[in-house]
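Working notes for the structure below.
Reminder, nothing fancy here: chain letters follow the sequence lines and each chain counts from 1.
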Protein chains: 2
Amino acid sequence: MFSKACEYGIRAATYIALRSLEGKRTSLKDIAKETDSPVAFTAKILQQLSKNKIVESVKGASGGFEIQKRNVHTIKLSQIVYAIDGDKVYHGCGLGLRECNGAKPCPVHDKFIGIRDGLKNMLETTTLLEMTRGLEVGLTYLKR
Amino acid sequence: MFSKACEYGIRAATYIALRSLEGKRTSLKDIAKETDSPVAFTAKILQQLSKNKIVESVKGASGGFEIQKRNVHTIKLSQIVYAIDGDKVYHGCGLGLRECNGAKPCPVHDKFIGIRDGLKNMLETTTLLEMTRGLEVGLTYLKR
DNA sequence: TTTATTTAGGACATTTTTGTCCTATTTATA
DNA sequence: TATAAATAGGACAAAAATGTCCTAAATAAA
Ligand code: FES
Ligand code: FES
(Lines give C-alpha, C1' and ligand atoms only; values in the text may rest on other atoms or scores of the structure.)
(Ligands and ions follow the chains in the order given, each with its own letter.)
Protein backbone atom coordinates (compact mmCIF):
# COMPACT_ATOMS: atom_id res chain seq x y z
CA MET A 1 0.00 0.00 0.00
CA PHE A 2 2.57 2.56 1.16
CA SER A 3 6.33 2.43 0.75
CA LYS A 4 8.45 1.36 3.71
CA ALA A 5 9.73 4.92 3.87
CA CYS A 6 6.18 6.17 4.22
CA GLU A 7 5.31 3.62 6.88
CA TYR A 8 8.36 4.62 8.91
CA GLY A 9 7.46 8.26 8.35
CA ILE A 10 3.95 7.88 9.72
CA ARG A 11 5.18 5.90 12.71
CA ALA A 12 7.92 8.44 13.42
CA ALA A 13 5.61 11.43 13.09
CA THR A 14 3.07 9.76 15.33
CA TYR A 15 5.64 9.10 18.01
CA ILE A 16 6.98 12.65 17.78
CA ALA A 17 3.40 13.92 18.12
CA LEU A 18 2.85 11.78 21.18
CA ARG A 19 6.00 13.09 22.83
CA SER A 20 5.32 16.66 21.80
CA LEU A 21 1.95 16.52 23.55
CA GLU A 22 3.93 15.67 26.68
CA GLY A 23 6.05 18.75 26.04
CA LYS A 24 9.05 16.67 25.07
CA ARG A 25 11.43 16.82 22.16
CA THR A 26 12.60 13.44 20.85
CA SER A 27 15.93 12.33 19.45
CA LEU A 28 16.32 10.32 16.27
CA LYS A 29 17.69 7.47 18.32
CA ASP A 30 14.60 7.30 20.52
CA ILE A 31 12.26 7.59 17.54
CA ALA A 32 13.96 4.72 15.76
CA LYS A 33 13.89 2.63 18.90
CA GLU A 34 10.25 3.25 19.74
CA THR A 35 9.06 2.66 16.19
CA ASP A 36 11.42 -0.25 15.57
CA SER A 37 12.88 1.40 12.47
CA PRO A 38 16.42 1.55 11.03
CA VAL A 39 18.11 4.61 12.50
CA ALA A 40 19.90 6.05 9.49
CA PHE A 41 17.00 5.42 7.14
CA THR A 42 14.63 7.07 9.57
CA ALA A 43 16.99 10.05 9.66
CA LYS A 44 16.52 10.54 5.91
CA ILE A 45 12.78 10.35 6.22
CA LEU A 46 12.74 12.84 9.07
CA GLN A 47 14.77 15.21 6.91
CA GLN A 48 11.98 15.04 4.34
CA LEU A 49 9.29 15.60 6.94
CA SER A 50 11.28 18.50 8.33
CA LYS A 51 11.67 20.12 4.90
CA ASN A 52 7.94 19.73 4.43
CA LYS A 53 7.26 21.50 7.73
CA ILE A 54 5.56 18.47 9.19
CA VAL A 55 8.05 18.18 12.01
CA GLU A 56 10.59 20.66 13.34
CA SER A 57 14.17 19.68 13.97
CA VAL A 58 16.57 21.20 16.43
CA LYS A 59 20.27 20.56 16.05
CA GLY A 60 22.85 20.20 18.75
CA ALA A 61 22.96 18.77 22.23
CA SER A 62 19.45 18.29 23.64
CA GLY A 63 18.17 18.75 20.10
CA GLY A 64 15.77 16.43 18.36
CA PHE A 65 12.40 16.48 16.67
CA GLU A 66 9.15 18.02 17.78
CA ILE A 67 5.78 19.26 16.58
CA GLN A 68 4.11 22.36 17.97
CA LYS A 69 1.27 21.22 20.20
CA ARG A 70 -1.20 23.43 18.36
CA ASN A 71 -0.27 21.65 15.10
CA VAL A 72 -0.70 18.08 16.26
CA HIS A 73 -4.42 18.12 15.58
CA THR A 74 -4.10 19.92 12.25
CA ILE A 75 -1.55 17.63 10.59
CA LYS A 76 -3.23 14.96 8.48
CA LEU A 77 -1.80 11.62 7.41
CA SER A 78 -2.31 12.74 3.83
CA GLN A 79 0.38 15.39 4.30
CA ILE A 80 2.90 12.80 5.43
CA VAL A 81 2.03 10.39 2.64
CA TYR A 82 2.25 13.18 0.10
CA ALA A 83 5.61 14.36 1.41
CA ILE A 84 7.11 10.89 1.07
CA ASP A 85 5.20 8.94 -1.58
CA GLY A 86 3.91 11.85 -3.64
CA ASP A 87 0.53 11.83 -5.30
CA LYS A 88 0.39 8.30 -6.66
CA VAL A 89 -2.33 7.47 -4.13
CA TYR A 90 -4.39 10.16 -5.82
CA HIS A 91 -3.63 9.66 -9.50
CA GLY A 92 -2.48 6.07 -9.80
CA CYS A 93 -4.45 3.57 -11.89
CA GLY A 94 -5.25 0.24 -10.29
CA LEU A 95 -3.99 -1.64 -13.32
CA GLY A 96 -0.91 0.54 -13.82
CA LEU A 97 -2.01 2.58 -16.82
CA ARG A 98 -0.03 5.79 -16.97
CA GLU A 99 -2.57 7.63 -14.86
CA CYS A 100 -6.12 7.03 -13.74
CA ASN A 101 -8.43 8.66 -16.26
CA GLY A 102 -12.18 8.35 -16.17
CA ALA A 103 -12.44 9.30 -19.83
CA LYS A 104 -10.51 6.18 -20.86
CA PRO A 105 -10.92 3.96 -17.83
CA CYS A 106 -9.32 0.59 -17.22
CA PRO A 107 -11.65 -2.33 -16.41
CA VAL A 108 -11.36 -1.87 -12.64
CA HIS A 109 -11.69 1.91 -12.68
CA ASP A 110 -15.20 2.25 -11.26
CA LYS A 111 -14.59 -0.18 -8.44
CA PHE A 112 -11.09 1.08 -7.78
CA ILE A 113 -12.20 4.68 -7.49
CA GLY A 114 -14.37 3.75 -4.54
CA ILE A 115 -11.54 2.09 -2.71
CA ARG A 116 -9.12 4.86 -3.49
CA ASP A 117 -11.55 7.50 -2.34
CA GLY A 118 -12.01 5.61 0.90
CA LEU A 119 -8.26 5.60 1.43
CA LYS A 120 -7.97 9.23 0.41
CA ASN A 121 -10.72 10.20 2.77
CA MET A 122 -9.15 8.28 5.60
CA LEU A 123 -5.78 9.97 5.05
CA GLU A 124 -7.31 13.43 4.76
CA THR A 125 -9.41 13.15 7.88
CA THR A 126 -7.04 11.36 10.23
CA THR A 127 -4.90 13.74 12.29
CA LEU A 128 -1.76 13.01 14.23
CA LEU A 129 -3.71 13.79 17.37
CA GLU A 130 -6.11 10.99 16.53
CA MET A 131 -3.16 8.69 15.89
CA THR A 132 -1.82 9.29 19.40
CA ARG A 133 -5.12 8.69 21.21
CA GLY A 134 -4.86 4.93 21.49
CA LEU A 135 -1.12 4.95 22.11
CA GLU A 136 -1.47 6.95 25.31
CA VAL A 137 -3.72 4.36 26.88
CA GLY A 138 -1.96 1.28 25.46
CA LEU A 139 -4.74 0.40 23.05
CA THR A 140 -2.56 0.74 19.96
CA TYR A 141 1.08 0.16 19.16
CA LEU A 142 3.82 1.55 16.92
CA LYS A 143 5.91 -1.59 17.25
CA ARG A 144 5.57 -5.11 18.52
CA MET B 1 -1.25 -0.89 -4.52
CA PHE B 2 -0.24 -3.92 -6.58
CA SER B 3 3.20 -4.78 -7.97
CA LYS B 4 3.92 -4.07 -11.62
CA ALA B 5 4.01 -7.83 -12.15
CA CYS B 6 0.51 -8.10 -10.75
CA GLU B 7 -0.78 -5.24 -12.87
CA TYR B 8 0.63 -6.84 -15.99
CA GLY B 9 -0.81 -10.17 -14.87
CA ILE B 10 -4.33 -8.83 -14.50
CA ARG B 11 -4.15 -7.03 -17.83
CA ALA B 12 -2.78 -10.13 -19.57
CA ALA B 13 -5.37 -12.46 -18.04
CA THR B 14 -8.13 -10.06 -18.96
CA TYR B 15 -7.01 -9.89 -22.55
CA ILE B 16 -6.67 -13.66 -22.77
CA ALA B 17 -10.19 -13.96 -21.34
CA LEU B 18 -11.53 -11.55 -23.93
CA ARG B 19 -9.92 -13.50 -26.77
CA SER B 20 -10.94 -16.84 -25.32
CA LEU B 21 -14.57 -15.75 -25.33
CA GLU B 22 -14.11 -15.22 -29.07
CA GLY B 23 -12.79 -18.76 -29.29
CA LYS B 24 -9.26 -17.58 -29.94
CA ARG B 25 -5.93 -18.52 -28.44
CA THR B 26 -3.48 -15.65 -28.02
CA SER B 27 0.28 -15.50 -28.37
CA LEU B 28 2.58 -13.86 -25.84
CA LYS B 29 3.54 -11.34 -28.46
CA ASP B 30 -0.05 -10.23 -28.98
CA ILE B 31 -0.77 -10.13 -25.27
CA ALA B 32 2.23 -7.91 -24.63
CA LYS B 33 1.28 -5.66 -27.51
CA GLU B 34 -2.37 -5.29 -26.54
CA THR B 35 -1.61 -4.64 -22.89
CA ASP B 36 1.42 -2.48 -23.58
CA SER B 37 3.66 -4.65 -21.41
CA PRO B 38 7.29 -5.78 -21.76
CA VAL B 39 7.28 -9.07 -23.67
CA ALA B 40 9.83 -11.12 -21.72
CA PHE B 41 8.61 -9.93 -18.36
CA THR B 42 5.05 -10.76 -19.31
CA ALA B 43 6.25 -14.22 -20.30
CA LYS B 44 7.45 -14.83 -16.74
CA ILE B 45 4.17 -13.68 -15.30
CA LEU B 46 2.20 -15.89 -17.66
CA GLN B 47 4.30 -18.83 -16.54
CA GLN B 48 3.14 -18.14 -13.00
CA LEU B 49 -0.47 -17.81 -14.03
CA SER B 50 -0.15 -21.02 -15.99
CA LYS B 51 1.34 -22.89 -13.04
CA ASN B 52 -1.52 -21.62 -10.93
CA LYS B 53 -4.06 -22.94 -13.44
CA ILE B 54 -5.41 -19.50 -14.13
CA VAL B 55 -4.51 -19.66 -17.80
CA GLU B 56 -3.61 -22.60 -20.00
CA SER B 57 -0.60 -22.51 -22.24
CA VAL B 58 -0.08 -24.44 -25.46
CA LYS B 59 3.40 -24.83 -26.85
CA GLY B 60 4.45 -24.99 -30.44
CA ALA B 61 3.30 -23.42 -33.67
CA SER B 62 -0.19 -21.93 -33.34
CA GLY B 63 0.25 -22.24 -29.59
CA GLY B 64 -0.41 -19.51 -27.08
CA PHE B 65 -2.51 -18.79 -24.03
CA GLU B 66 -6.19 -19.38 -23.43
CA ILE B 67 -8.81 -19.80 -20.74
CA GLN B 68 -11.66 -22.29 -21.03
CA LYS B 69 -14.81 -20.32 -21.77
CA ARG B 70 -16.64 -21.93 -18.89
CA ASN B 71 -13.91 -20.69 -16.51
CA VAL B 72 -13.88 -17.06 -17.56
CA HIS B 73 -16.74 -16.21 -15.25
CA THR B 74 -15.41 -18.24 -12.34
CA ILE B 75 -11.90 -16.78 -12.17
CA LYS B 76 -11.68 -13.93 -9.68
CA LEU B 77 -9.13 -11.14 -9.60
CA SER B 78 -8.20 -12.32 -6.11
CA GLN B 79 -6.80 -15.52 -7.61
CA ILE B 80 -4.51 -13.59 -9.91
CA VAL B 81 -3.36 -11.23 -7.19
CA TYR B 82 -2.72 -14.15 -4.87
CA ALA B 83 -0.74 -16.05 -7.51
CA ILE B 84 1.56 -13.10 -8.10
CA ASP B 85 1.65 -10.91 -4.98
CA GLY B 86 0.75 -13.52 -2.39
CA ASP B 87 -1.38 -12.74 0.62
CA LYS B 88 0.04 -9.40 1.69
CA VAL B 89 -3.21 -7.73 0.64
CA TYR B 90 -4.87 -9.90 3.24
CA HIS B 91 -2.43 -9.85 6.13
CA GLY B 92 -0.40 -6.68 5.65
CA CYS B 93 -0.49 -3.91 8.27
CA GLY B 94 -1.07 -0.39 7.01
CA LEU B 95 1.88 0.93 8.99
CA GLY B 96 4.19 -1.98 8.17
CA LEU B 97 4.11 -3.85 11.47
CA ARG B 98 5.05 -7.46 10.88
CA GLU B 99 1.47 -8.47 10.29
CA CYS B 100 -1.91 -6.94 10.89
CA ASN B 101 -3.13 -8.06 14.29
CA GLY B 102 -6.29 -6.81 15.92
CA ALA B 103 -5.06 -7.88 19.35
CA LYS B 104 -2.17 -5.40 19.16
CA PRO B 105 -3.38 -2.99 16.52
CA CYS B 106 -1.43 -0.10 15.03
CA PRO B 107 -3.05 3.34 15.20
CA VAL B 108 -4.64 3.06 11.75
CA HIS B 109 -5.87 -0.51 12.16
CA ASP B 110 -9.60 0.14 12.55
CA LYS B 111 -9.77 2.49 9.62
CA PHE B 112 -7.40 0.44 7.50
CA ILE B 113 -9.39 -2.73 7.99
CA GLY B 114 -12.34 -1.11 6.30
CA ILE B 115 -10.36 -0.10 3.27
CA ARG B 116 -8.63 -3.44 3.01
CA ASP B 117 -11.90 -5.31 3.29
CA GLY B 118 -13.30 -3.18 0.51
CA LEU B 119 -10.35 -4.08 -1.69
CA LYS B 120 -10.55 -7.72 -0.69
CA ASN B 121 -14.24 -7.81 -1.45
CA MET B 122 -13.69 -6.17 -4.81
CA LEU B 123 -11.00 -8.69 -5.75
CA GLU B 124 -13.05 -11.64 -4.61
CA THR B 125 -16.21 -10.66 -6.42
CA THR B 126 -14.81 -9.38 -9.70
CA THR B 127 -14.53 -12.07 -12.37
CA LEU B 128 -12.57 -12.03 -15.58
CA LEU B 129 -15.87 -12.09 -17.43
CA GLU B 130 -16.81 -8.84 -15.75
CA MET B 131 -13.41 -7.42 -16.67
CA THR B 132 -14.04 -8.09 -20.35
CA ARG B 133 -17.53 -6.56 -20.46
CA GLY B 134 -16.51 -2.97 -21.08
CA LEU B 135 -13.60 -3.90 -23.33
CA GLU B 136 -15.86 -5.54 -25.88
CA VAL B 137 -17.83 -2.35 -26.41
CA GLY B 138 -14.94 0.08 -26.15
CA LEU B 139 -15.94 1.46 -22.78
CA THR B 140 -12.76 0.39 -21.01
CA TYR B 141 -9.12 -0.02 -22.01
CA LEU B 142 -6.15 -2.21 -21.22
CA LYS B 143 -3.71 0.32 -22.64
CA ARG B 144 -3.68 3.92 -23.82
C1' DT C 1 36.50 27.50 25.10
C1' DT C 2 36.37 22.76 24.76
C1' DT C 3 33.67 18.73 24.60
C1' DA C 4 29.75 15.91 23.96
C1' DT C 5 25.49 15.43 21.63
C1' DT C 6 22.62 15.88 18.03
C1' DT C 7 20.72 16.75 13.13
C1' DA C 8 22.08 17.49 7.89
C1' DG C 9 23.52 15.56 4.00
C1' DG C 10 26.50 13.27 0.62
C1' DA C 11 28.34 8.94 -0.78
C1' DC C 12 28.01 4.32 -0.85
C1' DA C 13 26.10 -0.65 -0.22
C1' DT C 14 22.54 -4.07 -0.30
C1' DT C 15 18.27 -5.99 -1.57
C1' DT C 16 14.21 -6.27 -4.23
C1' DT C 17 11.77 -5.49 -8.28
C1' DT C 18 11.67 -5.05 -12.93
C1' DG C 19 13.21 -6.30 -17.22
C1' DT C 20 16.27 -8.84 -20.99
C1' DC C 21 18.48 -12.59 -23.46
C1' DC C 22 19.46 -17.03 -24.80
C1' DT C 23 18.71 -21.94 -25.34
C1' DA C 24 15.73 -25.98 -24.99
C1' DT C 25 11.46 -28.04 -25.96
C1' DT C 26 7.09 -28.61 -28.14
C1' DT C 27 4.07 -28.74 -32.05
C1' DA C 28 1.80 -27.58 -36.56
C1' DT C 29 2.61 -27.56 -41.22
C1' DA C 30 5.06 -27.41 -45.54
C1' DT D 1 11.28 -35.12 -42.11
C1' DA D 2 12.70 -30.47 -41.89
C1' DT D 3 11.33 -25.95 -40.69
C1' DA D 4 9.11 -22.33 -38.43
C1' DA D 5 6.56 -20.67 -34.58
C1' DA D 6 5.57 -20.76 -30.08
C1' DT D 7 6.15 -21.43 -24.72
C1' DA D 8 9.51 -22.84 -20.61
C1' DG D 9 13.00 -21.64 -17.96
C1' DG D 10 17.69 -20.40 -16.45
C1' DA D 11 21.03 -16.76 -16.28
C1' DC D 12 21.92 -12.24 -16.40
C1' DA D 13 21.24 -6.88 -16.29
C1' DA D 14 19.25 -2.57 -14.89
C1' DA D 15 16.67 0.22 -12.00
C1' DA D 16 14.45 1.36 -7.82
C1' DA D 17 13.90 0.95 -3.02
C1' DT D 18 15.91 0.22 1.21
C1' DG D 19 19.51 0.75 4.27
C1' DT D 20 24.49 2.20 6.09
C1' DC D 21 28.46 5.13 7.00
C1' DC D 22 31.00 9.10 7.48
C1' DT D 23 31.90 14.02 7.95
C1' DA D 24 30.14 18.70 8.72
C1' DA D 25 27.55 21.91 11.31
C1' DA D 26 24.96 23.41 15.25
C1' DT D 27 24.24 23.82 20.07
C1' DA D 28 24.10 22.95 25.12
C1' DA D 29 26.76 22.34 28.98
C1' DA D 30 31.00 21.42 31.47
S1 FES E 1 -8.12 4.19 -15.07
FE2 FES E 1 -7.46 2.48 -13.95
S3 FES E 1 -8.17 2.99 -12.01
FE4 FES E 1 -8.87 4.70 -13.13
S1 FES F 1 -2.28 -3.76 12.81
FE2 FES F 1 -1.81 -2.21 11.42
S3 FES F 1 -3.43 -2.42 10.05
FE4 FES F 1 -3.94 -3.95 11.47
Contact residues, residues 83-95 of chain B to DNA chain D [heavy atom, < 4.0 Å]: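 Hits under 4.0 Å, by residue number: none.
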Sorted by number, the residues of residues 3-21 of chain B with heavy-atom contact under 4.0 Å to DNA chain D: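 Result for residues 3-21 of chain B: none.
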Side chain [X], main chain [Y], donor-acceptor under 3.5 Å:
X        : Y        : result
A/Ser3   : A/Cys6   : yes
A/Lys76  : A/Thr74  : yes
A/Thr126 : A/Leu123 : no

Atom pair CD1 (A/Ile31) and NZ (A/Lys29), whose distance is rounded to the nearest 0.5 Å: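 Those atoms lie 12.0 Å apart.
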Range on DNA chain C touched by chain A - first to last nucleotide, heavy-atom distance under 4.0 Å: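 Footprint of chain A along DNA chain C, 5' to 3': C/dT5 to C/dA11.
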Heavy-atom protein contacts under 4.0 Å, nucleotides 24-30 of chain D, coded B base, S sugar-phosphate only, - none: --BBS--
Salt bridge (charged side-chain N to carboxylate O under 4.0 Å, His left out) pairs, two or more places apart, involving residues 94-117 of chain B: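 Found A/Glu130-B/Lys111.
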Close approaches to DNA chain C from residues 27-43 of chain B, in residue order (heavy atom, under 4.0 Å):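 The answer is B/Pro38, B/Ala40, B/Phe41.
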Check: A/Arg19/A/Thr26 side-chain N/O donor and acceptor closer than 3.5 Å: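 Judged by distance alone, the side chains do pair up.
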Nearest heavy-atom pair of [X] and [Y]: which atoms, and what distance?
X        : Y        : result
A/Ile67  : A/Ile54  : CG1-O, 3.8 Å
A/Glu136 : A/Leu21  : OE2-CD1, 4.1 Å
B/Leu95  : A/Glu7   : O-CB, 3.4 Å
B/Ser37  : B/Arg11  : OG-NH2, 3.6 Å
B/Tyr90  : B/Ser78  : OH-CB, 3.6 Å
A/Ala13  : A/Leu128 : O-CD1, 4.0 Å

[N] [atom2] sits how many Å from [X] [atom1], rounded?
X       : N      : atom1 : atom2 : value
B/Gln47 : D/dA8  : CD    : P     : 6 Å
A/Phe2  : D/dA17 : CZ    : P     : 16 Å
B/Leu46 : D/dA8  : CG    : C1'   : 12 Å
B/Lys44 : D/dA8  : NZ    : C1'   : 8 Å

Candidate pair A/Met1 and A/Val89, rule side chain to side chain contact (heavy atoms under 4.5 Å, CB included), full reasoning: CA-CA 9 Å; A/Met1 190 73 80; A/Val89 172; over 6 Å; no
OH/A/Tyr82: more than 12 non-hydrogen atoms of other groups inside 6.0 Å: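 Not buried by this count: 12 neighbours or fewer within 6.0 Å.
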Matching residue for B/Phe65 among B/Asp30, B/Leu49, B/Val55, B/Val58 - test: side chain to side chain contact (heavy atoms under 4.5 Å, CB included):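 Between B/Phe65 and the candidates, side chain to side chain contact (heavy atoms under 4.5 Å, CB included) is satisfied uniquely by B/Val55.
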Any B/Ser57 side-chain nitrogen or oxygen under 4.0 Å from OP1 or OP2 of D/dA6: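 Checking B/Ser57 against D/dA6: no side-chain N or O falls below 4.0 Å of OP1 or OP2.
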